[in-house]
Amino acid sequence: MKPTTPFKATKTIYLIISAAFCIIGLIFIIHPAFSAAVIGTLCGIFLIAFGAVKIVGYFSKDMFRLAFQFDLALGILLLALGVIIIIRPDGMMNLLCIALGISVLIDGLFKIQTAIDSKRFGLPRWWLIMIFAVLTCIHGTMLVFRPAESAAILTVILGMSLLFEGILNFITVLTAVKTVNDQSPGIIETEAIVEDITNEHTEGKEAE
């Protein structure tokens, strides 16, 4: 098995769960008349799964170390939040909105940093990460402060937050995640030359 196989599997699962967040977000937007228990259970399951994938992604062999750089702490937070919500899914709507809103807001802020780092790395689609990171932050903030107390409106806001969170993670993985095997021979050769020059320069200084 190639060294990058586990990483590619993690990347695939990450994309699948991101797509699932988009789907469940759209369902909440289109059909907001769900009970608190159903919403809590669904969100809890997805949070646990997403938290686990984020933790695995943090330890993966991502060449740029951009997309998953903040995912260890956030993954643990999502796991804990998912377990709490599943234990008490029917009476946790307020906690769900606040806790999930904070998680989405934090992830959006981290992805803004990822977008800035991606620009420094010269990745051409860094602006996509930035746009959806800002949108995610806005909807995460709305979820925390809940501008309306109507259950249906809260469900729509929750759905929009999940939708943008899913799109943000989907785009981040597609644009900012790269394995060594993804590099072209020219890039690998260039990096090898740069490394050799650096080593020679260092050895020359030590000899002096």
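Atoms considered below: every heavy atom in the structure, side chains included; atoms not considered: hydrogens, waters and symmetry mates.
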**Q** Applying side-chain hydrogen bond (donor to acceptor under 3.5 Å, both in side chains) as the test, list every pair that has at least one member in residues 156-167; sequence neighbours left out.
**A** Glu165-Asn169
**Q** How many angstroms lie between CG in Asp107 and CD1 in Ile102, if you round to the nearest 0.5 Å?
**A**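 CD1 of Ile102 is found 13.5 Å from CG of Asp107.
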**Q** For Phe50, check ring-ring contact (aromatic ring centres under 6.0 Å, His included) against everything at least two apart and list the hits.
**A** Tyr14, Phe21
**Q** Give, for atom CG of Leu47 and atom CD1 of Ile85, the distance between the pair rounded to the nearest 0.5 Å.
**A** 5.5 Å
**Q** With rounding to the nearest 0.5 angstrom, report the CG to OG distance, Leu74 to Ser103.
**A** 6.5 Å
**Q** Mind checking whether Leu26 and Ile16 sit in one hydrophobic cluster, side chains of I, L, V, M, F, W, Y counted as touching below 4.5 Å?
**A**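 No: no chain of side-chain contacts under 4.5 Å links Leu26 to Ile16.
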**Q** Restricting to non-hydrogen atoms, name the atom on Ala20 and the atom on Phe46 that form the minimum distance, rounded to 0.1 Å.
**A**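 Shortest heavy-atom contact: CB-CE2, 3.3 Å.
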**Q** Could you tell me the separation between the CD1 atom of Ile138 and the CG atom of Leu105, rounded to the nearest 0.5 Å?
**A**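 Here the interatomic distance stands at 10.5 Å.
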**Q** Look up atom CD1 in Ile106 and atom SG in Cys137, then write down how far apart they are to the nearest 0.5 Å.
**A**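 Separation between the atoms: 10.0 Å.
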**Q** Restricting to non-hydrogen atoms, name the atom on Leu81 and the atom on Leu100 that form the minimum distance, rounded to 0.1 Å.
**A** CD2-N, 4.0 Å
**Q** Flag the pair Arg120 / Asp117 as yes when at least one side-chain heavy-atom distance between them is below 4.5 Å, and no otherwise.
**A** yes
**Q** I need the minimum non-hydrogen distance between Leu158 and Cys43, along with the two atoms involved.
**A** CD2-SG, 4.1 Å
**Q** Identify the heavy atoms of Ala152 and Pro32 that sit nearest to each other, and give their distance.
**A**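 Scanning both residues completely, I find the closest heavy atoms to be O-CB, 3.5 Å.
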**Q** Shortest non-hydrogen contact from Val134 to Ile112?
**A**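 For Val134 and Ile112, the tightest heavy-atom pair comes out as CG2-CD1, 4.3 Å.
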**Q** Look up atom CZ in Phe132 and atom OG1 in Thr172, then write down how far apart they are to the nearest 0.5 Å.
**A**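 The CZ atom of Phe132 sits 10.0 Å away from the OG1 atom of Thr172.
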**Q** Is there side-chain contact between Ile48 and Leu78, with at least one heavy-atom pair below 4.5 Å?
**A** no
**Q** Is there a path from Leu79 to Ile87 through hydrophobic residues (I, L, V, M, F, W, Y) whose side chains come within less than 4.5 Å of each other?
**A** yes
**Q** Under a 4.5 Å cut-off applied to non-hydrogen side-chain atoms, are Ile116 and Met130 in contact?
**A**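 The answer is yes, as the side chains (C-beta and beyond) meet within the 4.5 Å cut-off.
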**Q** Checking Phe110 now: which residues fulfil ring-ring contact (aromatic ring centres under 6.0 Å, His included) with it, not counting sequence neighbours?
**A** Phe70
**Q** Indicate yes or no: at least one non-hydrogen side-chain atom of Ser118 is less than 4.5 angstrom from one of Ile129.
**A**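 SC-SC contact between Ser118 and Ile129 confirmed.
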**Q** If you look at every heavy atom in Phe170 and Ala19, which pair is closest and at what distance?
**A**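 Scanning both residues, the minimum pair turns out to be CD1-N, 4.3 Å.
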